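The block underneath contains the structure these notes are about, expressed in structure tokens.
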Amino acid sequence: MDELRYPIGMQTFSKIIEEGYAYVDKTGYIKTLLRQGQYVFLSRPRRFGKSLLLSTLEAYFEGRRELFKGLAADRMDLDWTPSPVLRFDFNAENFSLENGLEMLIDGYLWSFEQIYGKRSDKQLSVSQRFKNLIQAAYEQTGRPVVILVDEYDKPLLDIQENKELFEKNQRILKSFYGNLKSMDRYIRFAFITGVARFSKVSIFSDLNNLKDISMDNTYADICGWTECELISIFRPGIERLAQKRDEDFDTTLKAMRDYYDGYLFADEGTRLYNPFSVLNALDKIKIDPYWFETGTPTFLARWVRNNGIDPREINGQSATKDELITVGFDEWDPVPLMFQTGYLTIGHYDRISELYDLRFPNREVEIGFFKHLLRCYAPLTTRRGSGLEFTSFRKDLFRGAIHDFMERLATLLKDLPGEDHKESTYRAVTYLLAVLCGTPAIAEHHGYQGRSDIEVFAGDFVYVFEFKYNKSVGEAMAQIHSRDYAGRYAFDSRTVYLIGANFNEKKEERGFNYEIEKMTR
């Protein structure tokens with residue numbers, strides 16, 4: 001019987017320790033962090049353990065050594081003298097409200113001002129009050145101040161499509177964080193976390209000694225869990241899940257690896273599991289997409305969709321380190337942003353070209369993002385009872401009912417806006433459907449005479465697609481044959497179907513038409 005207590009959604013170190021919840025020890029990083037310098041920044045995706053890390057640091061700086069008994073930090077030569085800690089958490093606020101950011105900062109400042117005997121003066125800016133508070137905390141305690149900031153960028157990410165409010169919040173934060181440099185003689189340590197990196201965000205432009213450890217190999221697994229950590233702490237839970245799935249331990253572990261593992265944040269790091277998804281899977285005894293369901297960045301899927309980025313090319317994007325860490329809010333680039341938010345991760349690093357090849361970290365992320373992206377193309381896929389559920393498409397593919405599949409696809413495509421009726425959209429939608437059906441799909445499959453649009457593999461069946469726009473079904477089929485797209489399957493035991501499709505926008509011929517041939521050998 002699994003007796004572990006799973007700290008799902010819990011972000012308070014003291015509560016986890018005092019109430020006996022399972023804890024993966026990351027306290028060994030404290031000493032190393034203190035050697036990094038006065039100001040440190042860490043970027044990681046949401047729900048990856050940043051808040052718990054900050055809470056752990058908060059407990060250390062408050063001198064609560066009793067909480068660390070038996071943990072790595074307790075065995076280290078550390079200074080446990082308490083320091084005043086100012087922690088700002090931007091996780092929970094609704095920043096779409098006009099004054100949401102100011103109200104949140106005001107609330108934090110007011111509570112700290114009560115502790116350190118500083119009168120709240122609402123006539124002063126939040127920046128000036130913050131400056132006065134740091135000095136007051138230092139003078140009252142005689143100890144330099146520790147500043148911890150959780151999800152610093154949420155006041156911007158939440159409202160990035162509201163340009164006026166975005167610029168307002170950016171000005172407030174720039175002024176607020178500007179105090180860190182001017183008050184450095186009173187500050188012991190400052191640790192700032194977020195999703196997007198600071199490099200092109202002028203918020204930290206004055207803080208030129210802020211050390212970014214986001215892609216530092218030393219801190220590759222400071223958040224997230226390695227497979228060794230997972231097995232050593234949660235073996236009973238994995239065994240219970242394996243029993244429920246009627247599998248052996250290794251088979252269930254592989255399923256968890258495929259669904260939750262794969263995140264890599266440094267070129268020499270170890271691939272990591274998403275803690276939030278793992279905890280939910282073990283608690284509910286079911287492998288499901290838990291992380292993605294906690295909130296997809298709608299703007300990111302829309303950006304990919306609206307900027308004509310081919311979904312078939314998302315896996316395999318390449319970027320330099322500078323490109324990955326220099327995203328700016330004034331010039332959105334979906335590739336570094338998808339990396340920073342956890343939708344892409346490092347697949348391979350080439351030391352000669354210094355290029356990072358990026359890919360989806362795991363099945364959970366790929367399926368979740370593609371579902372969201374498909375709804376940006378075809379909102380009808382969100383309706384139950386529309387005949388467009390993924391399960392119907394999947395059944396068609398795996399039983400060789402390609403005519404039924406194409407009829408469902410035609411129903412979906414006919415409701416697209418007029419400007420979306422083009423070959424690239426058909427390819428994108430079909431590819432997304434194939435992936436969401438759990439069928440391996442290859443885009444632009446290279447052959448010796450050309451490249452097919454999409455090839456889908458579903459059990460005993462292979463489907464070769466070629467799409468045209470304002471041409472003809474005959475031309476699509478002729479291209480499949482003339483370039484011998486299916487030649488590679490001549491000695492394959494699977495049944496191969498060739499599908500040529502065309503959408504014609506001329507009024508007298510308007511519509512989506514297709515032709516299907518079964519390959520003969």
Side-chain angles (χ1 to χ4, degrees), residues 304-315 370 373-374 376-381 387-388 393 396-397 400-437 439-458 461-490 495-520:
V304 170
R305 164 72 180 91
N306 295 338
N307 284 272
I309 297 173
D310 192 332
R312 304 173 304 163
E313 298 176 356
I314 292 177
N315 257 346
F370 276 180
L373 187 55
L374 181 58
C376 290
Y377 280 99
L380 273 177
T381 55
L388 300 177
F393 283 107
D396 293 339
L397 291 174
I402 187 60
H403 286 277
D404 292 343
F405 178 91
M406 292 303 293
E407 284 301 309
R408 295 182 200 281
L409 178 62
T411 300
L412 188 156
L413 293 176
K414 74 178 183 180
D415 290 320
L416 295 179
E419 64 272 13
D420 283 340
H421 284 291
K422 49 191 175 184
E423 189 176 331
S424 60
T425 303
Y426 306 149
R427 290 196 303 259
V429 169
T430 306
Y431 178 76
L432 290 171
L433 279 172
V435 174
L436 292 171
C437 287
T439 56
I442 299 177
E444 301 285 344
H445 199 173
H446 288 259
Y448 66 92
Q449 295 190 64
R451 298 179 296 177
S452 60
D453 279 340
I454 304 169
E455 295 181 19
V456 177
F457 311 92
F461 301 93
V462 176
Y463 304 97
V464 179
F465 292 88
E466 182 65 33
F467 293 97
K468 296 297 179 184
Y469 178 69
N470 271 346
K471 293 184 179 179
S472 71
V473 171
E475 287 181 71
M477 292 301 299
Q479 183 170 321
I480 293 175
H481 288 298
S482 65
R483 299 186 181 180
D484 196 23
Y485 289 155
R488 69 183 104 243
Y489 305 111
T495 301
V496 180
Y497 284 104
L498 316 176
I499 304 101
N502 175 68
F503 187 92
N504 202 317
E505 68 175 352
K506 297 176 183 177
K507 286 186 178 181
E508 63 276 11
E509 302 175 9
R510 183 176 176 81
F512 179 76
N513 300 296
Y514 60 88
E515 183 178 318
I516 299 170
E517 288 184 15
K518 185 176 180 180
M519 178 181 172
T520 57

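All values below were derived from every heavy atom in this structure, side-chain atoms included, with hydrogens, water molecules and symmetry-related copies excluded. These numbers were taken from a predicted model, which means no experiment stands behind them. We're numbering straight along the sequence, starting at 1.
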CD1 of Ile442 to OG of Ser452: how many Å apart, nearest 0.5 Å?
8.0 Å
When every non-hydrogen atom of Phe393 is compared with those of Leu409, the smallest separation belongs to CE2-N, 3.7 Å
Show the nearest heavy-atom pair for residues Tyr514 and His403, with the distance to one decimal.
OH-O, 3.7 Å
Interatomic spacing from CZ in Phe465 to CD1 in Ile516 - rounded to 0.5 Å:
8.0 Å
For residues Tyr426 and Lys468, determine if any side-chain heavy atom of one lies less than 4.5 Å from a side-chain heavy atom of the other.
no
Student check: side-chain heavy atoms of Tyr431 and Phe370 closer than 4.5 Å:
yes
Least distance between heavy atoms, Val464 atom then Ile480 atom
O-CD1, 4.2 Å
Could you report the tightest heavy-atom contact between Ala486 and Leu498, atom names first, then the distance?
CB-CD2, 3.5 Å
Can you tell me how far the CG atom of Leu374 sits from the CG atom of Leu412, to the nearest 0.5 Å?
6.5 Å
For Tyr485, the option from Glu455, Arg451, Gln479 that meets side-chain hydrogen bond (donor to acceptor under 3.5 Å, both in side chains)
Gln479
Output for pair (Leu436 CG, Leu373 CG), nearest 0.5 Å, gives 9.0 Å
Testing the basics here: between Gly400 and Tyr463, what is the closest heavy-atom pair and its distance to 0.1 Å?
CA-OH, 3.2 Å
Electrostatic pair Glu466-Arg483, nearest N-O below 4.0 angstrom
no
When rounded to the nearest 0.5 angstrom, what distance separates CZ in Phe512 from CZ in Phe467?
5.5 Å
CG of Asn502 to CE of Met477, rounded to nearest 0.5 Å, is 13.0 Å
Over all atoms of both residues, closest heavy-atom pair of Val473 and Gly500
CG1-O, 3.6 Å
